[in-house]
Asks: 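I have a structure here, written as C-alpha cells, and I will follow up with some questions on it.
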Amino acid sequence: MTETIRNKWVVTSAWPYVNAIPHLGNMIGSVLSADVFARYLRLKGNEVIFVSGSDSHGTPVAVAAKKQNVPAKELAMKNHKTIKNLFKLWNISYDNYTVTHNPTHIKFVQDFYLDIQKNGYIFEKEIESLFCKKDNLYLPDRFVEGICPHCEYENARGDQCDNCQKLLVPSELKNPRCAICESTPEIRNTKHWYMNFPKLQDRLEKLINENKIIPQNARQMCLNSIAEGLPERAITRDLEWGIPAKFKGAENKTIYVWFEAVLGYVSAVKEWAEKIVNQPKKFDNFWKDKNTKSVYFIGKDNIIFHLIVFPGLLIAFNDDKSESEKLVLPYNVSSTEFLMYENEKFSKSRGVGIWIDEALELAPLDYWRFNLIYNRPEKSDTSFLWSEFDNNIKTLNDVIGNFIHRTLTFIIKQFDGKIPKKIDLDNTDKEFISKISSIGDIVGNALENFELRKAIRDTVKFAREGNVYLNDKAPWHLIKEKKEAAGHVFNICAQAVYALAVLFGPFIPDTSKKILDYLNIQKELNDLGWNSIGENSLFAGHTINKPKPLFQKLDIKDIQEKYIKLKEKEEGKSDVEMISYDDFKKLDIRVALIENVEKVKKAENLLKLTIDLGTEKRTIVAGLAKYYKANELIGKKIIVLANLEPKKLRGITSHGMLLAAEDEKTVSILIPDKDVAPGSKVL
Ligand SMILES: [Zn+2]
Ligand SMILES: [Zn+2]
C-alpha cells in the first residue's frame, strides 16, 4: 500500500470564458482532468473542495452584447447557465461551479485590491488610449479593429491578429476603427492603476525554486519569464462591463479580468462555505491552512498565470497578514498540451472540432470521458481521431464489458447468483490475485503523479489480464465435473470485477455505478473507498444482480454522419446576416420554365434541369431527386437566382440556382402564383 495522502485539497480547473461553449480540448485540458483527480482524492478519504466557474467579464462578451443590443450581464448569465448545465451533463463533480459575476466574488476582489494597495504593490500611471466619440467609450483591446502591423490583415483585433496570431496592443493597429460603430477613434489620456510585479520578482523566483514538485517544463517556463523581467500590469481599464474599481479616482473604471478571474479560486470556496453549506469557517479551513494543497488543472498556455501572476497576488495580499490569516500558495499545477481535432486546431468559425454539447448528441457520455482521458495530451499535442474513438469503443465493449459480463452471467447461471467459494490457489491464481491486490496502488500512484492517461491505461490492462486469466482457466470446462473448481475461478474474477468498479469511479462514474449495481452493492462508492480493492472485497455467498451488457456497440460511421449533419445545421445558423438594399439589388432573380429533367448519374439526389429564361436556355443542377420525380417538374415555372457564378457538380456545370423552401421533412420549390412569362424579374 502506498501511503494514503489524507489531506485537505483545493482542486480547481481553469475558468472557461463565458462567451463560448467549451470543446473537447478545453474539457480534457482542465475540467475533466480536474474532475478525475477530485473524484480520486475523495475516494482516498481526503477532504476535497472542487471549484471553478465561468469567467464572465471582459471585452469579448461586452462586444457580443453590444452587437446583439442586450445588456452584457444578461448575455453572460445566460451563457453561464448553459455551460454550468453542460458540465452537469458531463458528470463533473464540482462542489461549486460559479461565475465571476456574483456578489461574493465582486466584494472579495474589491477588498483584495484595497489590501494589496495598502501593502504598497500598486501605482498609478497616465497613458494614451483610443476613444470613440460616437459611442462615448474608451476602446480596450477587442473594441478596436484595424490593419495588423505585422501581416497587413485587415480585420485584426486590438488584442490579437487572427491571421498571424501575434499579440497586439490597440495603438499598434493601422487605421484603427471602433468595433461597434466603425468610426475612427481619437487618442485621449487616461489614468490607470498598475500591479507592481517587478517588486515581487525575487520572492516569486524563490517560490518557484523552492517548490520541488511542479513539473520541470512549468518550472523552466516560469524561470525564463522571471529572467526576462516581470512586467507591470494594468489592473484597471476603461470598460463598462466588469467589477467596478471602488476607489478614489477610478470611478467608471473596472478591474481587469486577469486580476479578478484567478481570485475566483479563492472566492468560489468562500461562496460555497457561506452560501452552499452555510459554514463560513470552512473557507478558512481550506484556504487559510498552510497544509492545504491547492492544485490547478490548466492548459500549457496558462502556466505563467497560475505559477507567477496568481501567487504574486497572494504574496502581495499576505504581506501584512498573520500566519493564520495568510492564503495558501499553489501546491502544484497539472498542465496539458493541446488537443487537436484530426490534426487541425479547433475552430468554431471553420467548423473544425467537437463541442461538448455536440458530443453528447453523438455518443453516450462515458465513451467521451474514456476516450479523452485515454488520449490525454500529457507530453505532446495530441489529436482527437475518429479511428481512435472507434478503437476505444471496441475496448470498452470487447475488453472491459466482455470480462465483466462473462463473469457475472456465469455466476448467475451456474451459481444461482451467489459468489462461489475460493479453494486452493495454484500459481496462475496467485499471479492474478497479486495483480488484484496491487492494481489500486498502481493506478493510484499514476493519478497522484497526474498521469491520468497511464492510470486509465493501467486499468484497461488489468481488465485484459482478467480476460487472459479467465481464458487460461477455462472454468466452463470444469463446471460439469468439478463445479467447486469452476466456482473458485469465478470468485477471483468477481473480486477483479469489483476492483474495476472502484478503479473506474474517477474516470467513468456512470459505468462504475452500473457495475456496483450489478454486484448488488448498496453503499456509495466514496464510502467503500479506493482501499477496498483487494482479493476479498466480495464474500462468498454474497448475491449479485442479473447484469445487462455494460456498453453498446456503436458504428463509428453512423456517429460521423450525425456529426457532419450537426455541422451543416450550425453553418446554416451562422450564415444569417443582415444585408443592405444595395446587396439585395445585386441578386438577379428570375422566373424560368423547366423544359427538361434528367437524373444525374451516380448522384442520388441530383437532377439536371434545362430551363428557359426567356432570352436564353440554361442548365442548372439541383438536389431535388428525393422530393420530386422528373415528370412532376417538367412544365413548371420556378424561381432562379440567375447571376450566381457557375459551379461544377458531378461534372455538370450549373448556371444558377433554383429557390426552394426546406423544413425538417421536405423540400418545396417556389412557384409564381400567377402565370408570368419566363425571364420575368423577381423583385
Ligand atoms: Zn497579423
Ligand atoms: Zn464607436
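Counting starts at 1 for both ligands and their atoms, in listed order. These numbers were taken from a predicted model, which means no experiment stands behind them.
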Asks: Does the ring of Y121 carry K199 above it, NZ/CZ under 6.0 angstrom from centre and within 45° of its axis?
Replies: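 Satisfied, under 6.0 Å and within 45°.
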Asks: Taking NZ, NE, NH1 and NH2 as the nitrogens, is one of them in E145 or R177 under 4.0 Å from a carboxylate oxygen of the other?
Replies: yes
Asks: Hey, what's the angle at the Zn ion (ligand 1) spanning SG (C164) and SG (C161), nearest 10 degrees?
Replies: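 Centred on the Zn ion (ligand 1), the SG/SG angle is 110° (to 10°).
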Asks: Answer yes or no: is there an ion pair linking D135 with K66, defined by an N-O contact shorter than 4.0 Å?
Replies: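 Looking at D135 and K66, the cut-off is not met.
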Asks: Confirm or rule out an N/O/S atom of H150, from backbone or side chain, lying less than 2.8 Å from the Zn ion (ligand 1).
Replies: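 Coordinating: no.
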Asks: Looking at E251 and K253, is any side-chain nitrogen of the basic one under 4.0 Å from a carboxylate oxygen of the acidic one?
Replies: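 Looking at E251 together with K253, the answer is no, because their closest N to O distance does not fall below 4.0 Å.
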Asks: How open is the angle at the Zn ion (ligand 2) from atom SG of C178 over to atom SG of C132, rounded to 10 degrees?
Replies: 120°
Asks: Among the N/O/S atoms of D135, which is closest to the Zn ion (ligand 2)? Give the atom name.
Replies: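 Output for this pair reads OD2.
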